Amino acid sequence: MPRRKRLRKVVAPPGFRGYKPYGNRHGKKEHVDLLYEEYEAIKLADYDLMNHQEASEIMGISRPTFARIYESARRKIARALVETREIKSVFGNAHLDKSWFICDACQARFTIPPTLQEQKCPLCRSTKIQIINSKK
Amino acid sequence: MKTIISSTGNQLKSPFDLRFGRAGWFCLLDEETGETSFFQNEFKEASQGAGGKVVEKVVELGVGKVISGDFGPKAKDLLDRFNIQMVIIPDGNQKIEEIIAQLK
């Protein structure tokens with residue numbers, strides 16, 4: 001059995017469902033699936049201009065794994081451009097980093113939906129809560 | 001606000017269930033009145049999509065907070081979309097009544 005894939009943390013999902021080439025002369029082809037973590041890798045490395053070490057820490061994976069995801073992302077995008085294929089964004093092995101919090105008092109992890117104003121632990125009402133960021 | 005706690009049985013002394021979509025029972029707690037009721041998870045044996053179906057049920061009941069050991073990716077996404085608060089308790093040795101006591 002292969003080793004299980006760790007979930008890659010994605011800060012925000014891509015704001016698109018896909019990209020389509022226009023004016024293409026070769027009819028419709030199979031699309032390319034760009035995973036959320038691949039989108040995130042491109043975003044961190046080429047848009048936020050982070051180095052791979054920093055980017056991998058944000059995504060909660062090792063630097064070599066980040067490099068692999070990043071390479072796969074670039075190849076997919078290149079393939080879509082050259083072969084005039086559509087790009088679709090697909091969930092992949094991502095874990096959406098919507099602000100999860102951890103309570104220092106009872107160790108519970110929780111989310112705070114935008115409809116709630118109070119910043120405290122829903123279980124023990126402690127106000128000592130921390131936002132969970134990249135686990136190092 | 002109403003809260004749902006995943007449970008392995010239908011009593012206050014039942015241990016807490018770490019799974020959400022495939023928990024055996026759910027405890028529905030009304031935090032204002034302190035009333036509790038239990039209902040069975042009809043999707044426990046579903047071949048797929050148990051989490052999503054449970055979320056639908058949770059939304060129907062008008063619940064604002066869900067307590068479990070973990071949530072699947074689909075359940076997480078749905079609960080987020082409906083602005084339902086998720087609480088993850090990593091320790092599975094607690095009983096339902098102990099969790100309720102903490103909530104008060």
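First the proteins, then the strands, lettered A, B, ... as listed; each starts at 1. As a basis for the values below, the full set of heavy atoms in this structure was taken, side chains included, without hydrogen atoms, waters or symmetry mates. Predicted model only: the values in this text are computed from it and were never measured.
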Hydrophobic cluster identity match, [X] and [Y], side-chain contacts under 4.5 Å:
X: B:M1; Y: B:F82; value: no
X: A:V90; Y: A:Y70; value: no
X: A:F66; Y: A:L35; value: no
X: A:V32; Y: A:Y19; value: no
X: B:L12; Y: B:W25; value: yes

Minimum heavy-atom separation for B:K65 and A:P122, please, with both atom names.
NZ-O, 3.0 Å
Proximal component of B:I84, with respect to chain A [non-hydrogen, under 4.5 Å]
backbone
Mind checking which of residues 26-51 of chain B sit less than 4.5 Å from chain A, heavy atom to heavy atom?
B:E31
Going by the side chain to side chain contact (heavy atoms under 4.5 Å, CB included) test, name the single residue among B:V66, B:V87, B:I89, B:I88 that passes it with A:F110.
B:V87
Flag yes if more than 12 heavy atoms outside A:K20 fall under 6.0 Å of its NZ atom; otherwise flag no.
no
Can you confirm whether more than 12 heavy atoms, excluding those of B:K74, are under 6.0 Å from its NZ atom?
no
Across all chains, not counting sequence neighbours, the salt bridge (Lys or Arg N to Asp or Glu O under 4.0 Å) partners of B:E97 are B:K13
Could you state the interatomic distance from CD1 (B:I99) to SG (A:C124), rounded to the nearest 0.5 Å?
12.5 Å
